[in-house]
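Presented below is the structure to which this report refers.
Note: hydrogens, waters and symmetry copies are ignored here, and every other heavy atom, side chains too, is used. Order of the sequence lines fixes the chain letters, A, B, ..., with proteins taken first and strands second; residue numbering starts at 1 for each chain.
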There are 2 protein chains.
Amino acid sequence: MSLFEVYTDGACTNNQGEGLQPGGWAAVFVDGPALSGGESATTNNRMEMRAVIEALKNTPPHSHVRIYSDSAYVINCFNQKWIDKWEKNGWMTSSKKPVENKDLWLEMRQLEKERQVEWIKVKGHSGNQWNEMADTLAVAAIPKDKNNDDQSRKEICLYLTQDEKINLLSFLDCNQLNLNDVLKNVLVKLQKLE
Amino acid sequence: MSLFEVYTDGACTNNQGEGLQPGGWAAVFVDGPALSGGESATTNNRMEMRAVIEALKNTPPHSHVRIYSDSAYVINCFNQKWIDKWEKNGWMTSSKKPVENKDLWLEMRQLEKERQVEWIKVKGHSGNQWNEMADTLAVAAIPKDKNNDDQSRKEICLYLTQDEKINLLSFLDCNQLNLNDVLKNVLVKLQKLE
RNA sequence: CGACACCCCCUAGC
DNA sequence: GCTAGGGGGTGTCG
């Protein structure tokens, strides 16, 4: 069974601490391509989660995936079985408040069930090249255009190498955004261009 | 008959678990004003009760009132007829101890008899905007001035909007603190100032 | 024993 | 600021 190792990271501005901020995420496949995207109104934790979701989405079901993240929020949720408890107790935290970001947790849970996932905590900014790259891409993906009318628009870029990136938006007409499918499309398109 | 919907909440510090503590309460009228106040030596349950009492006091007799509270202590007292039993058995709990806070229960009972009251239990901290506002105001109303000589002094503020508040103390000379009366006084005073 | 609140700490990571 | 885990306690009732 194929193994995928993915470094994920999220980033979010935090200017005056008031309300939702613009943020970005990235998922870097070891010895492979990288995905990144941004949202104009989100939180740091939602971006960490989004990075993982996109990573999982782009691996085939039943594959073996190693998710490397510096977010204790995400890693502990699975390694310390928080999510098992939430599913049993109606999504309440230990202090009886509703769990935040339930929508994204459910999405992650579904993807995680269909795969064999290992959750690995890494220290942030510790010189690991993949983690650094994820960090760089996530920050770069934060939307800077404050005049953007579409507040919920997401962008996804495919990095073939660190310098060579392709905006996937042009391939989004293929309803299912699976990395393999997109890669095929990209290759076909490139061949036609040559 | 007019309907009033009011979210009530109480808050109380609990520093070293020793004796009575400062606390606050709030009553938020849906699509209306909000009242809040504090006491320097009280309990959490007395604050929950005080919030309800002030809510009822500020609705006209014979009106239809919906009280929303996260306190099972208060809601069950009426919905599970605890108070009926207490009135019949000389205010003794099921474990034969005297019922606590009888003074406030009597006050609530009197106000409740003069109105048609529905008691509705809500979950604390569950994202309801009115419940959240009551919580915020109750916490904000906790007296912080520890050098206050008058330990029993109560303060009552009228919030016209979340940001705009009027201290009602200056209107307390009108013996009965009814919201409508006070509002009239406030308006008269404001008109004179202009 | 159960329930609902009200708190005080501590920890972890972004 | 965003989020979670864990421990301790009182106020009160059935």
Please state whether the rings of F78(B) and W119(B) are parallel, tilted or perpendicular, taking 30° and 60° as the class boundaries. parallel
Value in whole Å for how far the P atom of C4(C) lies from CE of M49(B): 20 Å
Check each residue of residues 94-102 of chain B for a non-hydrogen atom within less than 4.0 Å of any atom in RNA chain C, then write out the ones that pass by number, or none. none
Side chain R115(A), main chain V65(A), donor-acceptor under 3.5 Å: no
Select base, sugar-phosphate, or nothing to describe what K85(B) touches, counting heavy atoms under 4.0 Å on all strands. sugar-phosphate
Name the residue from V28(B), T136(B), T8(B), D70(B) that meets the side-chain contact (heavy atoms from CB on, under 4.5 Å) definition with N131(B). D70(B)
I83(A) atom CD1 is separated from dT3(D) atom P, nearest whole Å, by 15 Å
Please report the interatomic distance CG(N45(B)) to CG(L104(B)), rounded to the nearest 0.5 Å. 10.5 Å
Rounded to whole Å, CH2 of W91(A) lies from P of dT3(D) at a distance of 14 Å
Do you know which two heavy atoms are closest between Y73(A) and E100(A), and how far apart they sit? OH-O, 3.8 Å
Please give, in whole Å, the distance from dT3(D) P to I75(A) CD1? 17 Å
Indicate, with a heavy-atom threshold strictly under 4.0 Å, whether W86(A) touches base, sugar-phosphate, or nothing. sugar-phosphate
Can you run down the salt bridge (charged side-chain N to carboxylate O under 4.0 Å, His left out) pairs that involve residues 117-139 of chain A, sequence neighbours left out, and say none if there aren't any? R66(A)-E118(A)
Any side-chain to backbone donor/acceptor pair from S95(B) onto K97(B)? Under 3.5 Å, distance only. no
For W105(B) and dG11(D), what is the distance between atoms CH2 and C1' respectively, to the nearest whole Å? 12 Å
Does the side chain of Y7(A) come under 3.5 Å of the side chain of N128(A) through a donor N or O and an acceptor N or O? yes
For dT3(D), does OP1 or OP2 lie under 4.0 Å from any side-chain N or O of T43(A)? yes
Short N/O separations, protein against nucleotides 12-14 of chain C, under 3.5 angstrom:
unit_1	atom_1	unit_2	atom_2	d
G13(C)	O3'	D70(A)	O	3.4
G13(C)	O2'	D70(A)	O	2.8
G13(C)	O2'	A72(A)	N	3.0
C14(C)	OP1	G124(A)	N	3.4
C14(C)	O2'	E48(A)	OE2	3.0
C14(C)	O2	N44(A)	ND2	2.5

Measure from NZ on K81(A) to C1' on dA4(D) and round the result to the nearest Å. 17 Å
Nearest whole angstrom, please: distance from the C1' of dG1(D) to the CD of Q21(A). 9 Å
Side-chain (R109(B)) to main-chain (I83(B)) donor-acceptor, under 3.5 angstrom: no
How many whole angstroms separate atom CE of M92(B) from atom C1' of dG14(D)? 17 Å
